[in-house]
Number of protein chains: 2
Amino acid sequence: MENCIRECADKNQLNRCAESLEEISLEIQQIASILNIAGNEVRLKIFHLLNEEQEMCPCDLSDVLQMTVPAISQHLKKMKTAKLLFSEKRSQTIYYSINYEESKILLPMLESLKQVSV
Amino acid sequence: MENCIRECADKNQLNRCAESLEEISLEIQQIASILNIAGNEVRLKIFHLLNEEQEMCPCDLSDVLQMTVPAISQHLKKMKTAKLLFSEKRSQTIYYSINYEESKILLPMLESLKQVSV
DNA sequence: TCTTTATTTAAGTAATTGCTTAAATACAAT
DNA sequence: ATTGTATTTAAGCAATTACTTAAATAAAGA
């Protein structure tokens with residue numbers, strides 16, 4: 001079911017495009033999922049704060065971001081589930097930090113945010 | 001209304017964080033909005049295709065992505081509204097292309113997707 | 001053991017997303 | 001003028017998102 005009936009439609013181009021997409025479909029999926037998680041103001045702020053402070057707990061983040069603890073906890077869970085964060089429990093407190101290996105495509109942005117405040 | 005009553009909560013750190021966020025609040029907003037748009041499989045595919053092919057029309061994209069034309073059109077509108085795309089009408093056809101200036105934070109990802117298929 | 005503190009989980013909800021189909025718009029060609 | 005092609009816009013809808021409040025879990029300290 002083609003939508004383009006134009007003469008000028010370049011069948012070779014369309015085939016090339018379809019093949020290219022198939023080759024990278026896995027990467028596209030992974031990157032889209034990371035960008036989707038980072039494409040939220042609260043979560044991007046969390047990334048930035050963890051990038052500056054190394055590690056923070058939900059309750060400190062809730063103070064800084066002026067949001068309820070459960071709201072923060074749900075954002076952290078989403079980031080953790082995607083393996084973008086590590087967490088480490090020390091007594092009652094859980095410290096979250098960035099998994100830089102999994103988050104590497106976000107690094108340029110985080111670095112640029114660091115620059116701003118200098 | 002502080003949530004952290006912990007002794008170990010470092011007030012200086014929390015103040016520093018709050019200030020940092022305020023300084024970059026505009027950048028955070030802008031970047032989050034771009035990542036939000038790119039953090040969708042269909043739109044990321046459109047970015048990738050436009051990056052490889054220079055320009056494409058909604059109807060070719062609809063063929064390649066196997067989606068209805070209105071569905072594609074709505075994605076393009078969202079990207080165009082955010083100024084991430086240019087559009088140029090030549091007779092009946094509208095050609096979309098990437099506004100690289102506004103999309104520059106996405107470039108590293110687009111480049112890495114290009115590498116994959118080599 | 002009982003209370004406090006830090007955190008997560010669950011349930012409910014309003015807003016947003018991304019599609020669908022149908023209709024509207026705009027331009028070209030006959 | 002009329003038909004065909006490319007595109008957008010609109011309305012409707014199911015699924016998802018991001019919060020809320022309340023309850024559950026877990027560890028520490030009195």
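All of these numbers come straight from a predicted model, not from anything done at the bench. A, B, ... follow the sequence lines: proteins, then strands. Residue 1 opens every chain.
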Next on the checklist: Check the phosphate of dA6(D) against Tyr96(B), side-chain N and O only, distance under 4.0 Å to OP1 or OP2. Yes or no?
Outcome noted: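 No, Tyr96(B) has no side-chain N/O under 4.0 Å of OP1/OP2 on dA6(D).
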Checklist entry - Please walk me through it: do Arg90(A) and Glu88(A) pass salt bridge (Lys or Arg N to Asp or Glu O under 4.0 Å)? => result CA-CA 6 Å; Arg90(A) 297 206 289 276; Glu88(A) 190 192 336; 3.5 Å; yes
Checklist entry - Just wondering, are more than 12 heavy atoms of other shown residues or ligands nearer than 6.0 Å to CD in Glu111(A)? => result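 Check passes, neighbour count above 12.
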Next on the checklist: Between Arg43(A) and Ser73(B), which residue's closest nucleotide on DNA chain D lies nearer the 5′ terminus?
Outcome noted: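 It is Ser73(B) whose nearest nucleotide is closer to the 5' end.
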To the nearest angstrom, how far is [X] atom [atom1] from [N] atom [atom2]?
X: Glu88(A); N: dA6(C); atom1: CD; atom2: P; result: 18 Å
X: Asn36(B); N: dG18(C); atom1: CG; atom2: C1'; result: 13 Å
X: Gln66(B); N: dT20(C); atom1: CD; atom2: P; result: 12 Å
X: Glu41(B); N: dC19(C); atom1: CD; atom2: P; result: 10 Å
X: Asp60(B); N: dT5(D); atom1: CG; atom2: C1'; result: 13 Å
X: Ile94(B); N: dT8(D); atom1: CD1; atom2: C1'; result: 8 Å
X: Ile37(A); N: dT16(D); atom1: CD1; atom2: P; result: 15 Å

Item to check | Ile37(A) backbone acceptor or donor facing Arg43(A) side chain under 3.5 Å | outcome: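 Here the side-chain-to-backbone pair exists.
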Checklist entry - For the side chain of Asn36(B) and the backbone of Gly39(A), is there at least one donor-acceptor N/O pair under 3.5 Å apart? => result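 It does hold such a pair.
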Item to check | Any donor-acceptor N or O pair under 3.5 Å, side chains Gln13(A), Glu53(B) | outcome: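 Their side chains do contain a donor-acceptor pair, which is all the 3.5 Å distance test asks for.
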Next on the checklist: For a quick check under 3.5 Å, do Glu52(A) and Ser20(B) share a side-chain donor-acceptor pair by atom type?
Outcome noted: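 Indeed, the side chains of Glu52(A) and Ser20(B) share at least one donor-acceptor pair under 3.5 Å.
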Checklist entry - So what does Lys78(B) hit on the nucleic acid, given a heavy-atom distance under 4.0 Å: a base, only sugar-phosphate, or nothing? => result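 Sugar-phosphate, backbone atoms only, no base.
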Item to check | Nucleotide-resolved protein contact map, nucleotides 19-30 of chain D, B/S/- at heavy-atom distance under 4.0 Å | outcome: BBBB---SSS--
